Amino acid sequence: MDSVKLARYLIGKTVVRELPKGRIIGRIVETEAYLLHDAACHAFNGPTKRNRSLFLEHGHAYVYFIYGNHFMLNVCSEPKGIGAGVLLRALEPLEGIPLMKRGRSHLSHKDFTRGPGRLAAALRVDMKLDGLDLCADGPLWLGEAMKPAGRIGCSVRIGINRDTHRRLRFYARGNPYVSGPKYLCG
DNA sequence: AGTGCGATTGACT
DNA sequence: GTCAATCGCACTA
């Protein structure tokens with residue numbers, strides 16, 4: 001399915017992280033779509049060493065490192081060979097909350113899965129998980145929704161200054177774990 | 001080999 | 001509200 005459909009589909013679904021110390025489960029409450037022929041998509045200029053995982057079959061993970069300290073977790077959306085996907089931007093914590101918080105106690109409860117960098121930190125996502133099949137058993141996978149998605153809002157993407165004519169960010173309306181400025185959360 | 005910069009965050013005014 | 005930190009990658013030469 002295309003990135004927009006996948007971005008909407010993923011709202012309300014769960015992401016599960018299996019760690020030696022236990023299991024973490026979060027509910028996806030915010031995503032952004034990155035499309036084919038989209039100048040803001042990392043795949044825009046063709047495959048490189050950095051973005052190659054984005055060209056995997058849909059359902060695989062594309063993880064990258066940015067700003068010297070943050071990992072971002074994406075889900076590929078298209079058949080193998082096409083570079084497009086969905087960025088996971090925020091979670092509602094459901095299970096394994098102490099594991100998510102470990103080492104990050106300075107953040108308030110509603111902040112530690114809010115924002116793409118903090119989401120990846122909470123799930124202990126790093127480059128080792130790049131290219132992983134998220135639809136198979138393993139250290140990180142996507143699960144069914146545990147409760148309804150609720151109303152889905154959309155807005156322009158955050159931190160993107162190109163192709164701003166499309167509203168490619170999707171979020172669970174009114175959910176307190178959604179990131180971004182308040183006027184983009186209602 | 002050197003340079004510029006980014007799908008962000010947290011600390012500070 | 002502003003702004004620096006921080007590093008791997010892409011690009012130029």
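Keep in mind that the numbers below use all heavy atoms, side chains included, and drop hydrogens, waters and symmetry copies. The model shown is predicted, which means the values in this text are computed figures rather than measured ones. Throughout, protein chains are lettered first and strands after them, A, B, ... in sequence-line order, and every chain is numbered starting at 1.
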- [ ] Using a cut-off of strictly less than 4.0 Å between a heavy atom of the residue and any atom of DNA chain B, enumerate the qualifying residues of residues 61-78 of chain A by number.
- [x] A:Y64, A:I66, A:Y67, A:H70, A:M72, A:N74
Open item on the list: Of all nucleotides in DNA chain B that come within under 4.0 Å of a heavy atom of chain A, which is furthest toward the 5' end and which toward the 3' end?
Closed with: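 The contacted stretch runs from B:dG6 to B:dG10.
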Open item on the list: Taking ring pair (Phe, Tyr, Trp, His ring centres under 6.0 Å) as the cut-off, I'd like each qualifying pair that reaches into residues 112-140 of chain A, sequence neighbours left out, listed once.
Closed with: A:H109-A:F112
Task: Each stem that DNA chain C is part of, given as range with range (3 or more consecutive Watson-Crick or G-U pairs, under 3.5 Å) - done: B:1-6 with C:7-12, B:8-12 with C:1-5
Open item on the list: Does this structure show an ion pair linking A:R89 with A:E32, if we count only N-O contacts that are shorter than 4.0 Å?
Closed with: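 Yes, charged N to carboxylate O under 4.0 Å.
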Task: salt_bridge(A:R23, A:E95) N-O dist < 4.0 Å - done: no
TODO: Kindly indicate whether the side chain of A:Y62, heavy atoms from C-beta on, has any atom under 4.5 Å from the side chain of A:D130.
DONE: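 They are in side-chain contact.
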Open item on the list: Are A:F55 and A:K80 packed together at the side-chain level, in the sense that at least one heavy-atom pair is separated by less than 4.5 angstrom?
Closed with: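 A:F55 vs A:K80: side chains apart.
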- [ ] Using the test salt bridge (charged side-chain N to carboxylate O under 4.0 Å, His left out), find all partners of A:K128 that sit at least two apart in sequence or belong to another chain.
- [x] A:D126
Open item on the list: Going by the rule salt bridge (charged side-chain N to carboxylate O under 4.0 Å, His left out), which residues pair with A:D111 if we only count those two or more places apart in sequence or in a different chain?
Closed with: A:R114
Task: Start and end of the DNA chain C segment that chain A contacts, any atom under 4.0 Å from a heavy atom - done: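 First-to-last contact on DNA chain C, by the 4.0 Å heavy-atom rule, is C:dT6 to C:dA10.
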When rounded to the nearest 0.5 angstrom, what is the spacing between [atom1] in [X] and [atom2] in [Y]?
X	Y	atom1	atom2	result
A:Y34	A:L168	OH	CG	8.5 Å
A:L91	A:L123	CG	CG	5.5 Å
A:C41	A:L35	SG	CG	7.5 Å
A:T31	A:L88	OG1	CG	7.5 Å
A:T113	A:L94	OG1	CG	9.5 Å

Task: Listed once per pair and sorted, the salt bridge (charged side-chain N to carboxylate O under 4.0 Å, His left out) pairs that draw on residues 35-57 of chain A, sequence neighbours left out - done: A:D38-A:R157
Open item on the list: Which residue is it: A:E30, A:R167, A:R169? I am looking for the one with a side-chain hydrogen bond (donor to acceptor under 3.5 Å, both in side chains) to A:S155.
Closed with: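 Looking at A:E30, A:R167, A:R169, the match for A:S155 under the side-chain hydrogen bond (donor to acceptor under 3.5 Å, both in side chains) is A:R169.
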Open item on the list: Strictly by side-chain hydrogen bond (donor to acceptor under 3.5 Å, both in side chains), give each pair with a member in residues 68-77 of chain A just once, sequence neighbours left out.
Closed with: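 side-chain hydrogen bond (donor to acceptor under 3.5 Å, both in side chains) check on residues 68-77 of chain A returns A:S3-A:S77.
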Show me the side-chain donor-acceptor pairs of residues 4-12 of chain A shorter than 3.5 Å, one per line, residues at least two apart or across chains.
none

Open item on the list: Among A:M146, A:K13, A:K147, exactly one meets side chain to side chain contact (heavy atoms under 4.5 Å, CB included) together with A:R27. Which residue is that?
Closed with: A:K147
Open item on the list: Can you pull out the residues from residues 116-125 of chain A that lie within a 4.0 Å heavy-atom distance of DNA chain C?
Closed with: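 The answer is none.
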TODO: Could you identify which residues of residues 46-56 of chain A place a heavy atom less than 4.0 Å from some atom of DNA chain C, listed by residue number, or say none?
DONE: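 Residues of residues 46-56 of chain A under 4.0 Å from DNA chain C: A:T48, A:K49, A:R50.
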